[in-house]
Amino acid sequence: MKKQLFIFLFIGICIAAKAQTVTYTETVAPIIYNKCSSCHHAGGIAPMAFTNYSEAKKYAGMITMAALDPKNKFMPPWMPDTAYSHFADERTLTLTETEAIKKWIADGMPQGNPAAEPELPLYPKGSQLGKPDLTVSMAESFTHTGNNKDEYRVFVLPTHLTEGHNVKAIEIVPGNPKIAHHIILGLDTTRMADQLDAKDEAYGYEQYSGFGFYPTYDNWSGWVPGNKARFFPQGISNYMLPNSKVLLQMHYGPSPIDAKDSTTVNIFYNDKSADRFIKGWVISPNDIKDGPFYIPANTKRTFHAQFKVTSDYSLISVTPHAHWLGKQWEVYAVHPNGDTTHLIRVNDWDFNWQNFFSFKKFIKLEKGTIIYCNATYDNTEKNYRNPNRPLKNVAWGESAKDEMFLFYFSYVPYKTGDENVEIGGSVNYLNPVYDAAAKKIRIDYSTTDNSGVNLKLCDDKGKTVALALNNERVESGRHQSEIDTKTLKSGIYWCKYSTGSYTDSKKIVIE
Ligand code: HEC
C-alpha cells in the first residue's frame, strides 16, 4: 500500500515537473521575437540575431548577462524607469518573462514542439504604414567611414512643395539599419541649413547635436532602432510647411567597414479631417531656477526648471535631451488641485538611446499645471561617459564635449474625453476560440501597428492549413476574424499571428 502510494506520488511529481518545463517554441520564442528580434535579426542594428532556437541557445549565456541579471542588465535598451511612468511600445522584459527565460535555461533549454513556434514579426523594407503621399529622400547615398567611430551628420532634403499639408504620420526609414543609431528630424524654411551644407565639402554637414541653428521646427520627428511609425489619432495633424526642407540629423554608429546609407522619410497627408494640430514646446535653461547652466569640473549638479501650462493641454510625448554628462531626469506635473502626475524618470541617461516617448493615452494638463523638470549632470571621473579627459568646466554648447538641457514635449489643445483616447493602439494580443457547434475558430486579435498582418492555422507538423490574413494591412486596434474548420480532421492545431512588431502562436484542439 505504502509502496503504491509512493509510486503514484512519484508519477504525480513527474507529471507536474513535466507540465512546468519551459520550452523554447511555446514560451521563450514569443518573448524573444517580441522583445529582442526587432534589433536582433539579420540586417538589424544589433550584432547578433535571435531569430530561431539554435541562435537563442547559442547565446543563452550572453542573454543571461545582458537581459536577465538584475545587477547589470542593459537589454532591451529602454531608458525610462517603468516604476515611474509608462509609455507606448515599452521595450522591457516583465518579471514573468525574465523568470520564464531563466527557467528555460535552468531546465537545459528544451526546444519543444517545432510546430508551436510563432513566426517572426514581419520586417518590411520600405513603409510599415502603406503608401505615403510624399517620400523625401537623400539626394545621394552617404558613405560612413569604417573607422569604428561615431559620425553625426545633417542632410538637407528638399520637398519641392509650394503648398502646406496637414500630416497624419511621419515615418523615417533608415537606409542602413546596421549603422543608423538615431535620427532626429527638423523642418525648415530659413535656408540656413543650405548655407551650412555648402560650407562642408562632402554631402551634408557635420553636426553633433541639433542642426547648428534653430530651424522652424527643430524636433519634428525622430527615430531610434525599434521605433515604430504611427498615424496620429483621428482628427489630429502635424503640419508640413510650404517651401520647407526636411533636415535629417543622422547619428551613424561605429562600423569596422565603410557602409553606405540612403535614408528616406515618408509623409502621410491628412488634408480632410484635421481639427487639431500638434504643438511643441521646449523647457530650456531659461526655465532653470537654480542656474546658470554650468557644470564645473569635478562636480555633480542638478538643475531644477519649472514651466507653467497656459491653457488646457493633452500631452502626447516627451523628449529629454542632454549629452554625455547627463545622468538623471525626473519630470512631473503638479495639477492646480495639488495632484501629481509622473511624466518620466531616467536613472541612467544614455545619449545613444534618446527618443520620443509617447504616452499610451493623452495626459490632461489643465491650465495652471506646473511641470517640474529636474536633470542631474556628472562632471567627475566617476562618469565613465565623460568625454573630457582631463576634466574641464562644461557649459552650454552643441559639441559632444559641451552640454545641453532641453525637454521637448508635444501636445494638442484639450478636448473632452481625450483622457480615454489610446494614442497608438492599445495592446497586442491573439485569442482564438474553437466553436465546435459552428465548426469555426473565432479569433480576437489586437495590433498596435498599422502594418501587414498574417493570421493562419497550422497543423501539428507546422504546415499551413488555413489562411485568414495574408500580409493584409490592418489598422491599429482590436479586430475579429474567423477560420472555417469543417474540412479539418480532429487534432492539435496552432493559430499563428504576426504583424510588423508582434508575433504569437496559440494551441487549438479541434474535436
Ligand atoms: C532596440 C534595439 C534592441 C533591442 C530591442 C534589443 N537589443 Fe540587444 N543589442 C542591441 C544593440 C545595438 C547591441 C550592441 C551593443 C550596444 O550597442 O549596446 C545589443 C547587444 C546585445 C547583446 C550582446 C551584449 C554584449 O556584451 O556584447 C546581447 C546578449 C543582447 N543584446 C541581448 C538582447 C536581448 C535578450 C534582448 C531582448 C530581451 C535585446 N537584446 C533587445 C539592440 C537591441
Side-chain angles (χ1 to χ4, degrees), residues 13-83 86-123 224-228 347-348 350 353 427-431 446 448 462 494-507:
I13 289 169
C14 287
I15 291 170
K18 189 157 185 352
Q20 280 174 15
T21 300
V22 173
T23 66
Y24 180 75
T25 54
E26 285 192 61
T27 308
V28 175
I31 302 173
I32 292 198
Y33 300 168
N34 290 326
K35 299 285 174 81
C36 316
S37 304
S38 61
C39 301
H40 289 271
H41 68 267
I45 186 180
M48 70 283 275
F50 306 142
T51 48
N52 57 43
Y53 172 63
S54 59
E55 287 166 354
K57 193 175 166 190
K58 179 171 155 200
Y59 291 111
M62 283 178 92
I63 291 176
T64 303
M65 185 274 296
L68 308 177
D69 178 357
K71 279 202 287 300
N72 57 18
K73 66 174 175 187
F74 58 97
M75 284 287 138
W78 183 254
M79 277 204 288
D81 183 344
T82 51
H86 289 287
F87 296 95
D89 306 331
E90 237 163 51
R91 259 194 323 254
T92 49
L93 289 182
T94 63
L95 190 62
T96 321
E97 291 169 335
T98 305
E99 290 308 314
I101 305 177
K102 277 188 185 162
K103 178 141 196 321
W104 172 66
I105 295 171
D107 285 350
M109 299 182 269
Q111 181 173 12
N113 177 1
E117 185 175 346
E119 296 182 342
L120 281 180
L122 317 158
Y123 301 116
V224 291
N227 241 79
K228 97 177 136 183
N347 301 317
D348 185 17
D350 183 347
W353 292 103
V427 285
N428 289 295
Y429 63 73
L430 167 68
N431 185 22
S446 173
T448 58
W494 298 90
C495 182
K496 298 196 179 185
Y497 168 54
S498 46
T499 76
S501 69
Y502 186 75
T503 184
D504 203 357
S505 165
K506 289 266 164 73
K507 187 186 207 166

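All values below come from the heavy atoms of this structure, side chains included, with hydrogens, waters and symmetry mates left out. All values derive from a computational prediction rather than experimental measurement.
A pairwise comparison of heavy atoms in Gly462 and Ala115 identifies N-CB, 3.5 Å as the closest pair. Here the shortest heavy-atom pairing between Ser505 and Trp494 reads OG-CE3, 3.7 Å. The two residues Ser498 and Thr503 come nearest to each other via the heavy atoms CB-OG1, 3.9 Å. Closest non-hydrogen pair, Ala56 versus Ile32, comes out as CB-CD1, 4.3 Å. Listed here is the closest heavy atom pair of Ile31 and Ala100: CD1-CB, 4.2 Å. For the residue pair Leu93 and Thr98, the shortest heavy atom distance occurs at CB-OG1, 3.7 Å.
Note that OG1 of Thr23 is 9.0 Å distant from CD of Gln111, once rounded to the nearest 0.5 Å. Remark: Asp81 CG to Asn347 CG distance equals 4.5 Å, nearest 0.5 Å. Atom CE of Met75 is separated from atom OG1 of Thr92 by 13.5 Å, given to the nearest 0.5 angstrom. Residue Ser38 holds its OG atom at 14.0 Å from OH of Tyr502, rounded to the nearest 0.5 Å.
Sequence neighbours left out, the pairs with a member in residues 20-45 that pass salt bridge (Lys or Arg N to Asp or Glu O under 4.0 Å) are Lys35-Glu97.
Comment: Lys73 does not engage Asp69 in a salt bridge, judged by the lack of any side-chain N to carboxylate O separation of less than 4.0 angstrom. Between Arg91 and Asp89 there is no salt bridge, since no side-chain N of the basic residue sits under 4.0 Å from a carboxylate O of the acidic one.
Judged purely by atom type and a 3.5 angstrom limit, His41 uses its side chain to pair as donor or acceptor with the backbone of Ser37. In this structure, Thr448 contributes its side chain and Asn428 its backbone to no donor-acceptor pair below 3.5 Å. Proximity of a side-chain donor or acceptor of Lys57 to a complementary backbone N or O of Ile105 within less than 3.5 Å is not detected. Judged purely by atom type and a 3.5 angstrom limit, Thr25 uses its side chain to pair as donor or acceptor with the backbone of Asn113. When atom types are taken as modelled, the side chain of Tyr59 and the backbone of Ala49 share no donor-acceptor pair closer than 3.5 angstrom. Between the side chain of Glu99 and the main chain of Leu95, no donor-acceptor pair closer than 3.5 Å is present. Tyr24 contributes a side-chain N or O that, together with a main-chain N or O of Asn52, makes up a donor-acceptor pair within less than 3.5 Å. Panel note: side chain Asp504, backbone Tyr429; no donor-acceptor pair is recorded below 3.5 Å.
In this structure, Tyr53 and Trp104 have perpendicular ring planes: the angle between them is above 60°, well past the 30° mark.
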Next on the checklist: Is there a side chain to side chain donor-acceptor pair (under 3.5 Å) between Tyr33 and Glu119? Walk through the geometry before answering.
Outcome noted: CA-CA 8 Å; Tyr33 300 168; Glu119 296 182 342; over 6 Å; no
Item to check | Derivation and outcome, side-chain contact (heavy atoms from CB on, under 4.5 Å), residues Asp348 and Phe74 | outcome: CA-CA 10 Å; Asp348 185 17; Phe74 58 97; over 6 Å; no
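Lys102 NZ: more than 12 foreign heavy atoms inside a 6.0 Å radius.
Within the 4.5 Å cutoff, side-chain heavy atoms of Trp78 are placed close to those of Phe87. Looking only at side-chain heavy atoms (C-beta outward), Pro121 and Ser501 stay at 4.5 Å or farther from each other. Thr82 is listed as a side-chain neighbour of Glu90, based on a closest heavy-atom distance under 4.5 Å.
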